[in-house]
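Keep in mind that what you see is a predicted model, and the values were worked out from it rather than measured. In listed order, ligands and their atoms are each counted from 1.
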Amino acid sequence: MMRSILYFLGILFFISGNLCSSQKPNILFLFCDDHATQAISAYGGPLAEIAPTPNIDRIAKEGMLFRKCYVTNSICGPSRAVVLTGKYSHLNGFRVNGDTFDGSQQTAPKLLRKAGYQTAIVGKWHLKSEPTGFDHFEVLRGQGQYYNPILNTDGKKVKHEGYTTDVITDQTLEWLDNRDPDKPFFLMSQHKAPHGRWEPAIRHLDFLADIDVPEPSTLFDDYSGRSKAAAGHKMGLADHMGPHRLMLEYSSKLTPKQKTALDEYFEPRNKAYLEANLEGRDRTRWHYQRYIKNYLRCVKAVDESVGRLLKYLDDNGLTENTVVIYSSDQGFYLGEHGWFDKRWMYEESFRTPLLVRWPGMVAPGTVNSKDIVSNLDFASTFLDVADAPIPNDLQGRSLTPVLRGNTPSDWRDYHYYHYYESGGHGVPLHFGVTDGRYKLIRFPEPRIDAWELYGLESDPRELESRFGDPALSDVQAELEDQLRALQKKYEVPVE
Ligand code: CA
């Protein structure tokens, strides 16, 4: 009798143990480069109708969309280092794009692997050193190119022919097909797109070809309401695009067939532009149309990629037990303030998209406009989803209670930002703090030596700094206190 009870208990234990291990959710992290919320139709805005992103929007429809996901340092490599480590740039050691990531440090993929996950990364890496913590990596060298990419596949150079967004999707699907189905997976599928220089897929050249894309209201911003920092930029649609960003010249090494197809579209239009010898606002307007159309075409390929991956999950019975996260390394200027590029703590590049689908955990169609979240939280979130321990030295917090609709009462009210790559595209070093309603920015370099303060509700485009305005003296004092408190909390070495 006793023996049969023990036998029964043993079987029960075995079954429940197996159920538990098979119940650990997979994590599919879809990460883009320079993808602004303005170019995701789920976020609304003037581009939503002409350039919809139905597949990315599906993640929002079936999950949660965050309106206040702010980065810690709005630039490619540093943002990726934050995602991997859950630590600010000064602690993970990757402050500027010229840095090299120290792959010997603790990262989320390493901890997930320890927790029994199969880990892989396909696509853009951009951290110079070889990826660590992955069972499989297949990454572009540096920025990579839009056509015919060379991938570093587990240490081996492999040349691919085709459009890079498609190639990354193909390789992601191939890894999914060949993975060990007995283990949960953590898969980072990371596009180069829509990072410049914006070379669309040939099949998308006709998209938007015959329409005028609406211009942002700040296209001709004169920066008169701010400190002198913004006016020193070198990211203007008017003067800083150069022939490659304008697609007067190609950046990728193309096959003759690809070149012929691109020439067919671009050559007559380029000829007309060069002959017209445009000046002033007309020139800026032409640059904007050229830029935004190619950018949105690059996004279209990304959206198709998301569709293919979601379909794979559907077709293979993986949808229910896979957390899908869509985000970008930062936001981007789509002509706002006359700019392309990122870096500033102003909203368009400070805010990044975040959409999360987790069936059974996240209520479908939820829009979170209230909670301030960050790419600093991603590492803790991955670990929490995997039910793995979260080390104390991570500086973000798991988003899982927020995703379940139970934001903890002590969730952050203020977010700290710090940009280090002084001079890149003319942007000086700066740091700041926001509570989502007001934003305080400090430019400490002697050539600028300035503060700015914005009321985001009355001035969402941040055109008029209110620093020193007596009407906001309490707000300003509070933000100054919070700035110092957060620098102390995050161990930021400052002046
Ligand atoms: Ca980027």
Side-chain angles (χ1 to χ4, degrees), residues 29-40 43 56 69-85 88-89 92 94-101 121-128 131 139-146 149 164-165 168 188-199 233-235 240-241 244-245 251 291-292 294-296 298-299 301-303 305-306 325-336 339-355 374-376 378 417-427 430:
F29 183 67
L30 305 174
F31 201 52
C32 272
D33 197 316
D34 295 358
H35 195 178
T37 58
Q38 306 94 289
I40 294 178
Y43 279 89
I56 298 171
C69 183
Y70 300 137
V71 294
T72 60
N73 183 0
S74 179
I75 185 157
C76 308
S79 172
R80 287 152 202 274
V82 171
V83 169
L84 290 173
T85 61
Y88 272 91
S89 307
N92 68 43
F94 203 105
R95 290 182 178 81
V96 300
N97 271 341
D99 284 334
T100 299
F101 186 68
I121 179 166
V122 181
K124 189 159 176 182
W125 170 246
H126 205 226
L127 291 170
K128 261 198 208 153
V139 294
L140 295 168
R141 267 189 75 193
Q143 294 286 1
Q145 50 178 32
Y146 268 103
T164 299
T165 304
I168 290 171
M188 306 179 96
S189 182
Q190 310 200 146
H191 288 294
K192 165 194 173 56
H195 190 286
R197 303 144 175 186
W198 306 276
E199 296 181 333
H233 76 86
K234 290 186 183 125
M235 55 169 79
H240 306 112
M241 293 286 281
H244 288 93
R245 288 194 191 91
S251 302
Y291 160 56
I292 193 70
N294 286 336
Y295 181 95
L296 293 171
C298 291
V299 167
V302 169
D303 188 64
S305 163
V306 172
I325 303 170
Y326 187 91
S327 189
S328 167
D329 57 355
Q330 14 61 215
F332 211 66
Y333 297 95
L334 303 184
E336 297 90 355
W339 292 335
F340 62 89
D341 214 66
K342 54 254 180 178
R343 301 162 193 270
W344 301 99
M345 199 192 169
Y346 306 130
E347 286 293 291
E348 293 86 351
S349 53
F350 177 48
R351 182 182 62 220
T352 204
L354 178 63
L355 305 94
S374 170
N375 58 347
L376 187 67
F378 293 0
Y417 179 82
H418 205 132
Y419 169 79
Y420 293 89
E421 197 174 298
S422 171
H425 278 290
V427 182
H430 60 287

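Formation of a donor-acceptor pair under 3.5 Å by the His244 side chain with backbone atoms of Arg197 is not found in this model.
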Verdict with reasoning, His240 to Phe340, per ring pair (Phe, Tyr, Trp, His ring centres under 6.0 Å):
CA-CA 9 Å; His240 306 112; Phe340 62 89; 7.5 Å; no

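Ring geometry, Tyr333 versus Trp339: the interplanar angle exceeds 60°, so the pair is classed perpendicular (tilted spans 30 to 60°). Note: His35 and Tyr326 have perpendicular aromatic rings, judged against thresholds of 30 and 60 degrees for the angle between ring planes.
Under a 4.0 Å N-O distance rule, the pair Asp33/Arg80 qualifies as a salt bridge.
Residues satisfying the side chain to side chain contact (heavy atoms under 4.5 Å, CB included) criterion with Glu421, sequence neighbours excluded, are Ile75, Val96, Asn97, Arg343, Tyr419.
Near-neighbour remark for the Ca ion (ligand 1): protein N, O or S atoms under 3.0 Å are Asp33 OD1, Asp34 OD1, Cys76 SG, Asp329 OD1, Asp329 OD2, Gln330 OE1; waters not counted.
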